[in-house]
Amino acid sequence: MSHYLNCKLCPRECGVNRSESPGFCGQSDKIKIARVGLHMWEEPPVSGEKGSGTVFFSGCQMRCVFCQNYEISQLGKGYIITENQLADGFLKLRDMGAENINLVSPTPFLPSVLRALDICRHRLNIPIIMNSGGYEKPETVNMLKGYIDVYLPDFKYFSPERALKYSGAKDYPEIAQNAIKAMFEQVGKPVFDERGMIKKGMIVRHLILPGGRHDSVNVIKKLREMFEPRDILLSLMRQYTPMYRAKEFKEIDRRVSTFEYNSVLKEAVSAGFEGFTQDDGAVGEEYVPEFRDRE
Ligand code: SF4
């Protein structure tokens, strides 16, 4: 529990004792999750035929004004479970046929998640994925060595001003770059099984925002400086739908245009990255994952 006594797990470095009061993420020292289930809407080598075994953790170290999952990340939706119950959840997902265990925004609870994995990972035999907004300390990423097979980090912004405006984290671009480097050092280039499911490696995700194509192009250029094209996979996401507080920011209170999307896609292709894109049919609220209550 020592990490929770003076919590500096993420770049917010609150230094609070989470058994007494929550930090910026809003979470105590008890694991809180919002949903456990098979999820079909990840990239094809992650979801496969049976679905990715996702566990959505409550709270977040970011404050994205357009967050699709804001009820979970920012409004505290979820329920408390123990490490043993979390381990049971992982095993149940495997029994349901999950292609992998997909930890969605687990950072505030990582010490507990690792203990839950210690309880059950010898019986899991499927890849463990860390699905993260990319706002991570390298030291925290290093804690995960040997536990995580596949990283799915976002690289949301190149511009510190945009990162501050839309996610409350001016230092995000630099921190995300260092986190992504640390993740790559652990897992290396993508490795797939005979069915094309990812076993090891990293898929960097980038959500294109309305009015943000120049920033998106800069994100891709930076990735190309950091990596050779075959080092990573790139997932360009165009499913942005104005949600939560997006209406307070007129310039992002719309969907991404085809022109914006194509401009960013062109840069990704010219950089030589392989990866994933979404077609037009994926755009819309129907694509936004639905989060159910415990029952
Ligand atoms: S995990 Fe939460 S309490 Fe800990 S440093 Fe990050 S925001 Fe603060």
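In listed order, ligands and their atoms are each counted from 1.
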Which pairs would a plain distance check flag for residues 118-127, meaning a side-chain donor or acceptor within less than 3.5 Å of a matching protein atom at least two apart in sequence or in another chain?
| from | atom 1 | to | atom 2 | distance (Å) |
| --- | --- | --- | --- | --- |
| Asp118 | OD1 | Tyr147 | OH | 2.8 |
| Asp118 | OD2 | Tyr147 | OH | 3.2 |
| Arg121 | NH1 | Gly146 | O | 2.8 |

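- Using a 4.0 Å cut-off between a side-chain N of Lys or Arg and a carboxylate O of Asp or Glu, Arg254 and Glu260 qualify as a salt bridge.
- Hydrophobic cluster membership differs between Leu234 and Val191, with clusters built from Ile, Leu, Val, Met, Phe, Trp and Tyr side chains linked at under 4.5 angstrom.
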Go through it in stages, so that I can follow the logic: the residues are Tyr135 and Asp154, the test is side chain to side chain donor-acceptor pair (under 3.5 Å), and I'd like the CA-CA distance, side-chain angles, deciding distance and then a yes or no. CA-CA 8 Å; Tyr135 195 52; Asp154 292 332; over 6 Å; no

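- One finds the CD atom of Gln74 at 12.5 Å from the OG atom of Ser58 (value rounded to the nearest 0.5 Å).
- Relative to the six-membered ring of Phe24, Arg63 meets both conditions, a distance below 6.0 Å and an angle of at most 45° to the axis.
- For atom 6 (Fe) of ligand 1, protein N, O or S atoms closer than 2.8 Å were enumerated as Cys10 SG, with waters left out.
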